[in-house]
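First the proteins, then the strands, lettered A, B, ... as listed; each starts at 1.
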Number of protein chains: 2
Amino acid sequence: MASKRVVSIRVIRRISVYYEALLKLDLPETTYVSSKRLEEMTGLSSNQVRQDFFTLGLTIGKQKKGYMVKKLMRELKRILSIDRGAKIVVIGAGRIGQSFSAYRLFQGRNIQVEAMFDINPDLVGTTIGKPGAEIPILSIDELEPFLKGHPEVEIALLAVPEEVAQELLDRLVSYGIKGVVNYAPRILRLPREAKGVQLINESICSAIYKMVYHRNHPQ
Amino acid sequence: MASKRVVSIRVIRRISVYYEALLKLDLPETTYVSSKRLEEMTGLSSNQVRQDFFTLGLTIGKQKKGYMVKKLMRELKRILSIDRGAKIVVIGAGRIGQSFSAYRLFQGRNIQVEAMFDINPDLVGTTIGKPGAEIPILSIDELEPFLKGHPEVEIALLAVPEEVAQELLDRLVSYGIKGVVNYAPRILRLPREAKGVQLINESICSAIYKMVYHRNHPQ
DNA sequence: TAGATTGTTAATCGATTAACAATC
DNA sequence: TAGATTGTTAATCGATTAACAATC
């Protein structure tokens, strides 16, 4: 009946998939989609679709018809907080960090990169991104004052060399950040004093290692 | 007793963590490390450590002492197939694709990017990477002949715009590739005729979306 | 010996899949 | 009405955590 306490990253990911599928197919707003139809569109089973909706307390389906596209998309938008969005910063303006500046999906999600931070003097002071939507690259030294001056920025993406990743996480926490996604290929740990801070270690290369493992250890 | 059929990506990832920790600490080869010590070093519980070793059929521990560093590292290397390594290609020489060319960890793993492929005429024909280890950027048109000529290349990293990701996956499969890691923000599906091909959809931004969700839906 | 640590089993937790009564 | 589809519960699967006998 009620929605679960914790919504896992997998559920959020699948909700994104449903939403993107509906967006891309550009169905008439008055159409109904069944969980079976969503299965065809996304490859995720109709059972999974209904279970996900149930988990999120989303009970807007009509028997024999399915879910009204208009209503469903409104609900999915609410769950993904697309209207509200988020303002974030990116630490590290290397290739991975820069790739976030160009993420088109961020626009559709109302996710705004407010600034990037780096130590490279060639980068500091420049901007990145299309005209009209430039993102400034600031010095790491400006990180603390920036975050103090922009309390609405609660999330940081960490895309720095692994040697300095833990130190920067500690600093971000001490500056009051509330969520960090770490892209450095190292598992970081939150400092003890971190209270209510979330950390996700996103390991870009684990998938590669698993591939290699399975190629080299067949069956 | 015997090792499990399928080794999950999580186990592989943790094995990497143990290995990197031992490497970085540069312990004398004759030292013994206990699972408790590994817990302190990695933050992964000693129970998890022993369970992982058990899962992989790795029973080289000595009661009251632990695991001999030398022996343990040899075993972890074998599991991670660091000696054997792998030759891979990267499809898409944009920022994400390029970031793989610089991955230092690939060296430690003996993972070699043989070539990158793109359609951008400004990139095609150039190389990327340090002198002595340049990686050529070839045209996508050369993908098929390249793979036919290099049957040892069985794994591809897909880092292209999402619009063309599925098409390129299909092509890779038809050219005989055996494993694909997809970094485009879209869940791809293997074509029906794909037999024995592995696909991992690595979603770089799911973690961000989960962060945003939890910030906007507190408690 | 007593204490520490393993290998392994069992318990728990969480996520996915299957099933089905309700009902439009 | 009969058939389709939901919401929800139950079964299954897999991964993590806990426990502990064996033993060095």
Side-chain angles (χ1 to χ4, degrees), chain A residues 1-18 31-69 71-72 75-76 79 187 200-201 203 206 210 213-214, chain B residues 1-18 31-69 71-72 75-76 79 187 200-201 203 206 210 213-214:
Chain A
M1 200 127 315
S3 63
K4 264 194 219 165
R5 268 279 158 117
V6 178
V7 174
S8 79
I9 197 171
R10 296 172 174 215
V11 173
I12 293 295
R13 187 178 184 200
R14 286 193 299 263
I15 294 292
S16 303
V17 172
Y18 307 141
T31 316
Y32 281 81
V33 275
S34 65
S35 54
K36 198 73 195 158
R37 182 80 202 283
L38 279 165
E39 172 173 323
E40 287 158 21
M41 297 195 296
T42 64
L44 297 161
S45 77
S46 62
N47 280 322
Q48 182 108 72
V49 172
R50 294 201 307 283
Q51 184 64 269
D52 284 344
F53 290 179
F54 177 66
T55 296
L56 290 158
L58 202 162
T59 59
I60 58 169
K62 299 253 179 276
Q63 270 103 337
K64 204 167 142 61
K65 303 185 96 178
Y67 309 88
M68 197 188 198
V69 171
K71 216 183 229 169
L72 181 58
E75 289 297 314
L76 298 184
I79 289 163
I187 295 183
I200 297 178
N201 288 294
S203 70
S206 296
K210 191 197 170 187
Y213 174 84
H214 280 291
Chain B
M1 200 127 315
S3 62
K4 265 193 216 164
R5 268 279 158 118
V6 179
V7 174
S8 80
I9 197 171
R10 296 173 175 214
V11 174
I12 294 295
R13 187 178 183 200
R14 287 194 299 263
I15 294 291
S16 302
V17 172
Y18 306 141
T31 317
Y32 281 80
V33 275
S34 64
S35 54
K36 200 72 197 159
R37 183 81 202 282
L38 278 165
E39 172 173 323
E40 286 157 23
M41 297 194 295
T42 64
L44 298 161
S45 78
S46 63
N47 280 322
Q48 182 106 73
V49 172
R50 293 200 307 284
Q51 184 65 269
D52 284 345
F53 290 179
F54 177 66
T55 296
L56 290 158
L58 203 161
T59 58
I60 58 168
K62 300 250 179 277
Q63 271 103 337
K64 203 165 143 64
K65 304 185 96 179
Y67 309 87
M68 198 190 197
V69 170
K71 217 182 227 172
L72 181 58
E75 290 297 313
L76 298 184
I79 290 163
I187 296 183
I200 296 178
N201 288 295
S203 70
S206 296
K210 191 196 172 189
Y213 174 85
H214 279 291

Can you find a side chain N or O atom of A:Gln51 that sits less than 4.0 Å from OP1 or OP2 on C:dA15? no

Spacing of B:Asp52 atom CG relative to C:dT8 atom P, expressed in whole Å: 14 Å

By the 4.0 Å heavy-atom rule, please label B:Ile9 as base, sugar-phosphate, or nothing. nothing

Does A:Ser8 reach a base, just sugar-phosphate, or nothing at all? Heavy atoms under 4.0 Å. sugar-phosphate

Picking from D:dT17, D:dG7, C:dT6, the nucleotide nearest the side-chain atoms of A:Thr59 would be D:dG7

Quick one: A:Tyr32 OH to D:dT6 P, roughly how many Å, whole number? 12 Å

OP1 or OP2 of D:dT16 under 4.0 Å from side-chain N/O of B:Arg10: yes

What contact category does B:Leu38 fall into here, base, sugar-phosphate, or nothing, at under 4.0 angstrom with non-hydrogen atoms? nothing

Would you say A:Arg14 reaches C:dT16's phosphate, i.e. side-chain N/O to OP1/OP2 under 4.0 Å? yes

At less than 4.0 Å, is any side-chain N or O atom of A:Ser35 found next to OP1 or OP2 of D:dT6? Yes or no. yes

Could you state the interatomic distance from CG (B:Leu44) to CG (B:Leu38), rounded to the nearest 0.5 Å? 9.0 Å

Between A:Lys64 and B:Gly66, name the one whose nearest nucleotide on DNA chain C is closer to the 5' end. B:Gly66

Interatomic distance, B:Glu39 atom CD to B:Arg50 atom CZ [nearest 0.5 angstrom]: 9.5 Å

Look up atom OG in A:Ser8 and atom OH in B:Tyr213, then write down how far apart they are to the nearest 0.5 Å. 10.0 Å

Distance from B:Lys71 atom NZ to B:Lys62 atom NZ, nearest 0.5 Å? 4.5 Å

Which whole-number value in Å describes the distance from B:Lys36 NZ to C:dG3 C1'? 15 Å

So which one's nearest nucleotide on DNA chain C is more toward 5', A:Gln63 or A:Asn47? A:Asn47

N/O (side chain, B:Tyr67) to phosphate O (OP1/OP2, C:dG7) under 4.0 Å: yes

Drop me the distance from A:Leu58's CG to A:Ile15's CD1, to the nearest 0.5 angstrom. 7.0 Å

Assigned partner base of C:dC20, Watson-Crick or wobble definition, under 3.5 Å: D:dG7

